[in-house]
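Presented below is the structure to which this report refers.
Order of appearance sets the numbers: ligands from 1, and atoms from 1 within every ligand.
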Amino acid sequence: MKVEKEIQELYEKLLQHNRKYYQDDSPEITDAEYDSIKDRYLKLLDANPGLGFPVVVGHPPSEKFQKVEHLSPMLSLRNIFSEEELIEYIERTKRFLNLKDDLEFLCEPKIDGVSFSARYVKGKLYSCATRGDGKVGENILDNMKVINGFPIEIEDVPDLLEVRGEVFLDHDAFRTLEGFSNPRNAAAGSLRQLNPEITKERNLQYFAYSASKIDGIKRQEDVLHFLSERGFMTNPLRLSSLKVPEIMGFYNSVYRRRSQINYDIDGLVYKVNSLKLHTRLGTLSDAPRWAIAHKFPSHRGKTILEKIKLSVGRTGIITPVAHLKPITIGGVVISRASLYNEDELKRKDIREGDLVTVERAGDVIPKVLEVDTSYRTSQKRFTFPDKCPSCSSTLIKKNNEAVIRCNNRKKCSEQLIQQIKHLVSAQAFDIDGIGTSHIAFFIEKEFISEPADIFCLDKHGDEIKKYDGWGEKSVENILKNIENSRKISLEKFIFSLGIKNIGEKTAYALAQQFKSFANWFNKMSTLKDDAQTKNEIRNLDGMGSCVCDSLVDFFSDPDNCDMIKSLSDHVIVSDHSVSMGGLLSGKKFVFTGTLLSISREEAKEIVKKAGGIIVNSISKQVDYVVAGEKAGSKLAKANELGITIIEEKTFMELAVNNTPALEIDTNSNSKIK
Ligand code: IVH
């Protein structure tokens with residue numbers, strides 16, 4: 001009776017959290033917390049069969065969407081958390097197969113996104129669905145079609161093919177959005193809504209990781225290769241291995257490098273490589289026996305929340321920040337954590353003096369997860385101030401925004417501090433040695449009242465040296481660094497302005513399009529009434545209309561135009577083509593023929609990531625022609641014009657050398673470490 005009660009409670013909890021996760025896209029607990037409830041539930045079910053409780057694998061599809069029945073159920077994965085559990089899993093699986101020899105596994109990152117299942121009929125994309133309850137999903141076909149690089153038509157495939165994978169948002173794209181607590185929820189919110197225009201703007205990406213049966217394909221590794229050859233994005237990080245130490249080495253290396261990977265990974269998935277063995281192993285009630293998820297540990301700890309303060313961002317967004325009694329989590333001392341926004345604070349009823357659980361995941365800002373109310377000392381709920389902590393102007397909340405803002409952009413010193421912090425950051429003017437406290441000091445002493453003033457600090461050099469804490473040397477150093485940073489590429493200049501929705505990638509694309517500062521600035525100043533330029537911007541690869549709207553908005557304010565003019569008077573903005581570093585940067589590439597080791601889509605992505613430009617036709621402006629198998633007329637024309645032609649092998653070497661933190665399967669049979 002007691003066990004039954006616990007199972008009932010766990011079941012209800014799972015239903016409730018499934019609803020928050022799958023339907024509302026706003027989970028209240030972390031994945032680790034969810035996993036521990038689910039693990040306990042499944043353990044109790046295993047030990048107490050026949051009680052009639054179902055195995056929960058998802059949530060019924062929302063009524064908003066048409067329903068799609070999956071050809072085969074979309075299962076979930078059982079989790080492990082340690083090497084011991086891995087050894088146990090392998091032993092169990094070998095016992096099941098009555099196998100003495102080592103089993104080969106393909107190890108892949110577990111992407112923390114939203115799963116999809118796409119059906120192709122005679123090579124044409126026919127339907128695409130979310131997981132739903134595992135049997136029936138929501139039709140997201142129209143949204144999937146606008147995801148960059150998602151194939152609509154494929155050749156040389158079975159008449160009926162189902163391809164599965166994960167849709168995700170990378171960290172750059174996530175940073176341009178507001179109102180989502182993490183990239184997964186943002187990806188789910190972008191996909192599970194009815195307007196493909198919105199999906200398009202969000203710059204979603206995907207990796208395909210499995211397919212229905214294909215004649216002649218015998219291993220999971222070959223499935224990925226098959227998909228990649230037909231234009232699907234597949235994750236280049238993978239390892240096939242028979243040995244636990246090697247698998248653990250890969251696990252540890254991906255875990256350590258997690259912060260350099262631009263999308264969220266919550267562990268690895270180990271899959272038995274042989275597809276024949278998949279059939280033999282079959283499935284448990286909710287997960288296959290041939291795969292297991294090895295989750296990354298979550299870093300958490302409990303500490304006292306001493307104070308709740310508001311921080312003011314560059315564009316005036318107000319974020320509540322928890323000031324904590326310092327605590328070491330995973331070797332790092334944490335004294336600040338994010339409290340998201342006002343709604344979240346209210347919902348969790350977090351108060352000053354509370355004992356809170358803090359989580360640090362990857363390189364993201366630590367978060368306050370929950371409150372232990374049994375230690376509560378304060379009777380008073382926290383009330384969100386209605387004045388800006390920096391300039392005391394009244395805070396506002398626009399109807400369509402989840403965030404609260406200070407709208408006093410011109411006079412709010414904290415916004416100016418943040419704006420200048422952004423301006424001097426490594427991705428912008430890259431001025432070393434200027435931190436928040438220096439900027440605050442310059443503003444307080446009125447040496448700086450707008451971004452351009454940074455470049456006039458030399459006028460105040462002697463005066464600065466007179467203040468306490470400013471050594472002769474340090475002032476000279478800062479002034480020298482400023483002097484050395486006066487020359488900047490157009491894309492960095494555009495990025496440095498901190499315009500809403502203009503991240504590094506977007507700034508780069510704008511620089512590619514407009515080439516010179518003068519041209520860009522002229523076009524932007526009249527953008528509001530220039531339909532042609534607006535169209536040009538909207539047509540740039542991966543850019544939605546939100547970028548265009550932000551630019552129109554920003555340049556409609558004459559103060560912003562003045563700010564840019566005055567900044568440009570003090571710096572040298574070099575034209576796009578001559579300002580690049582790197583071997584692939586600014587170089588134009590044409591692909592012709594079939595690539596063998598990766599798909600053309602992936603190759604293009606590599607070029608773009610390394611700063612190159614993809615063009616479709618051969619002209620004298622093209623720098624490289626990459627010639628794959630059976631290259632045709634383009635190759636002949638390139639020869640005629642004397643353009644450098646490189647083979648696939650050379651291209652892959654070039655690409656690997658020019659793409660930081662990327663390891664590519666240059667030979668489909670080789671292992672990657
Ligand atoms: S294979 C039978 N591979 O994790 C399920 N799943 O917790 C086979 N996921 O629903 C899934 N990355 O949405 C697989 N490389 C990967 C994955 C992956 C992320 C997701 C997937 C699945 C969930 C299970």
Using distance alone, determine whether Ile111 and ligand 1 share an N or O pair under 3.5 Å.
yes
Protein contact of atom 15 (N) of ligand 1 - nearest heavy atom, named by residue and atom, plus distance
Glu108 OE1, 2.9 Å
Atom 4 (O) of ligand 1: the protein heavy-atom neighbour that sits closest, reported with distance to 0.1 Å
Lys110 NZ, 3.1 Å
Quick check on ring pair (Phe, Tyr, Trp, His ring centres under 6.0 Å): which of Phe168, Phe150, Phe207 does Phe116 satisfy it with?
Phe150
Less than 6.0 Å separating the ring centroids of Phe296 and Tyr251?
yes
Any heavy atom of Pro109 sitting closer than 4.0 Å to ligand 1?
yes
protein heavy-atom neighbour closest to atom 8 (C) of ligand 1 works out as Leu77 CD2, 4.1 Å
Note: ligand 1 atoms sitting under 4.0 Å from heavy atoms of Pro288 are 2 (C)
If we number the atoms of ligand 1 from 1 as shown, the ones under 4.0 Å from a heavy atom of Arg131 are 10 (O)
Does Lys271 approach ligand 1 within less than 4.0 angstrom via side chain, backbone, both or neither, non-hydrogen atoms only?
side chain
Measure from NZ or CZ of Arg230 to the centre of the six-membered ring of Phe226 and say whether it is under 6.0 Å with the direction within 45° of the ring axis.
yes
Does CG in Asp46 sit with more than 12 non-hydrogen atoms of other residues, nucleotides or ligands closer than 6.0 Å?
yes
Ligand 1 to Leu75, heavy atom cutoff 4.0 Å, flagged ligand atoms 2 (C), 5 (C), 10 (O)
With ring centroids as reference points, do Phe81 and His294 lie under 6.0 angstrom apart?
no
Take every heavy atom of Met74, measure it against each atom of ligand 1, and state whether any distance is under 4.0 Å.
no
Atom 11 (C) of ligand 1: closest protein heavy atom, distance to 0.1 Å, is Tyr209 CE1, 3.8 Å
CG (Leu161) and NZ (Lys124) are apart, to the nearest 0.5 Å, by 14.5 Å
Suppose we measure from atom 20 (C) of ligand 1 to each protein heavy atom; which comes out shortest, and what is that distance?
Glu166 OE1, 3.4 Å
Atom NZ of Lys295: over 12 foreign heavy atoms under 6.0 Å
yes
Strictly under 6.0 Å, is that where the ring centroids of Tyr34 and His17 end up?
no
